[in-house]
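Right, one structure below, let's go through it.
Letters A, B, ... mirror the listed sequences (proteins, then strands); counts begin at 1. As the structure is a prediction and not an experimental result, all values here were calculated from the model.
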There are 2 protein chains.
Amino acid sequence: MKQYFGEYIRNLRTEKGLTLTQLGAKLDLDSANLSKIENGKREFDEKRLELLASVFGLDIEHLKTEFFSELFAKKIYETNCSTEVLNVAEEKVKYYREQNVKQGKLKL
Amino acid sequence: MKQYFGEYIRNLRTEKGLTLTQLGAKLDLDSANLSKIENGKREFDEKRLELLASVFGLDIEHLKTEFFSELFAKKIYETNCSTEVLNVAEEKVKYYREQNVKQGKLKL
DNA sequence: ATTATATTTGTCAAATACTGACAAGTCTAA
DNA sequence: TTAGACTTGTCAGTATTTGACAAATATAAT
């Protein structure tokens with residue numbers, strides 16, 4: 001998927017022939033703010049991912065992948081970080097999952 | 001590196017025989033808050049990474065890798081996201097770097 | 001061209017999250 | 001038991017994000 005998350009939403013919306021106001025209502029979002037999201041001037045709020053998935057019948061896992069990958073990529077891009085960071089992150093996730101990490105060890 | 005970022009700081013500090021107050025002064029941080037950071041009860045602030053590197057003579061790239069990998073891993077862990085997200089993120093970073101993405105396309 | 005609808009942009013107060021600071025507590029070693 | 005080190009809780013100040021609204025612009029139909 002070679003597009004920004006906002007563009008992705010806009011495509012979904014226009015494919016279904018919905019206006020900003022109509023989709024905004026479904027997502028509990030002002031049409032003006034949805035416009036900004038689609039144009040990359042505001043962030044889509046993580047807490048609305050499930051709602052977005054259900055509105056368009058999307059696989060939530062796929063949607064989360066799209067959403068968070070953009071979040072991480074932006075951070076790496078703007079901090080000019082090595083992509084090596086992603087390999088290290090993968091190891092850490094594995095470790096956290098093995099250890100069943102809880103709050104206290106790590107601020108979650 | 002199989003330790004949390006707070007533990008990492010604590011190790012650096014104790015190796016050098018510094019107290020929380022002493023290191024706190026160098027990092028412009030209250031000793032109480034530094035304690036929380038070392039114990040995983042507060043986040044280390046990204047804006048102090050360079051300072052931390054210079055205090056201990058660390059490679060800033062390595063430090064950023066440690067810091068952001070933990071950030072990403074925590075997010076993936078707490079949202080129960082597939083680690084596939086990391087591969088997608090890598091593609092996106094490449095793309096952003098090729099395209100020299102600026103504000104407007106993407107909220108940075 | 002005029003009207004109606006859709007979209008974009010700017011702004012701002014309210015809500016939320018983060019930070020620095022301090023006080024009071026526990027722990028440790030001399 | 002005293003001093004210094006560390007931990008924990010709290011909270012006001014600050015910064016950031018969000019929802020909401022108004023006004024401007026764009027688009028399409030008549």
Quiz item: Between CG of A:Leu18 and CG of A:Leu12, what distance do you get to the nearest 0.5 Å?
Solution: 10.0 Å

Quiz item: Is a side-chain donor or acceptor of A:Lys75 paired with a backbone partner of B:Phe68 at a separation under 3.5 angstrom?
Solution: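 No.
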
Quiz item: Is B:Glu66 reaching over with its side chain to a backbone N or O of B:Leu63, donor-acceptor style, under 3.5 angstrom?
Solution: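 Checked: no pair found.
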
Quiz item: What string of B, S and - do you get for nucleotides 5-23 of chain D, 5' to 3', if B is base contact, S is sugar-phosphate-only contact and - is no contact with any protein heavy atom under 4.0 Å?
Solution: SSBBBB-------BBBBB-

Quiz item: When you check the gap from the basic side-chain N to the acidic O, do A:Glu46 and A:Lys64 get nearer than 4.0 Å?
Solution: no

Quiz item: With side chains defined as the heavy atoms from C-beta onward, is the minimum distance between A:Phe5 and A:Ile37 less than 4.5 Å?
Solution: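 Sidechains of A:Ile37 and A:Phe5: no contact.
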
Quiz prompt | Residues forming a side chain to side chain contact (heavy atoms under 4.5 Å, CB included) with B:Gln99, sequence neighbours excluded | solution = B:Tyr95, B:Val101

Quiz item: How many Å lie between CD on B:Glu46 and C1' on C:dT19, as a whole number?
Solution: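 These atoms are roughly 15 Å apart.
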
Quiz item: Would the number of heavy atoms belonging to other residues, nucleotides or ligands and lying under 6.0 Å from CD of B:Glu50 be above 12?
Solution: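 Not buried by this count: 12 neighbours or fewer within 6.0 Å.
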
Quiz prompt | Donor + acceptor pair across side chains of A:Asn87, A:Glu90 (<3.5 Å) | solution = no

Quiz item: How large an angle, rounded to 10°, do the end axes of the helix from C:dA1-D:dT30 to C:dA30-D:dT1 enclose when each is built from five base pairs?
Solution: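 The end-segment axes of the helix from C:dA1-D:dT30 to C:dA30-D:dT1 are tilted 30° relative to each other.
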
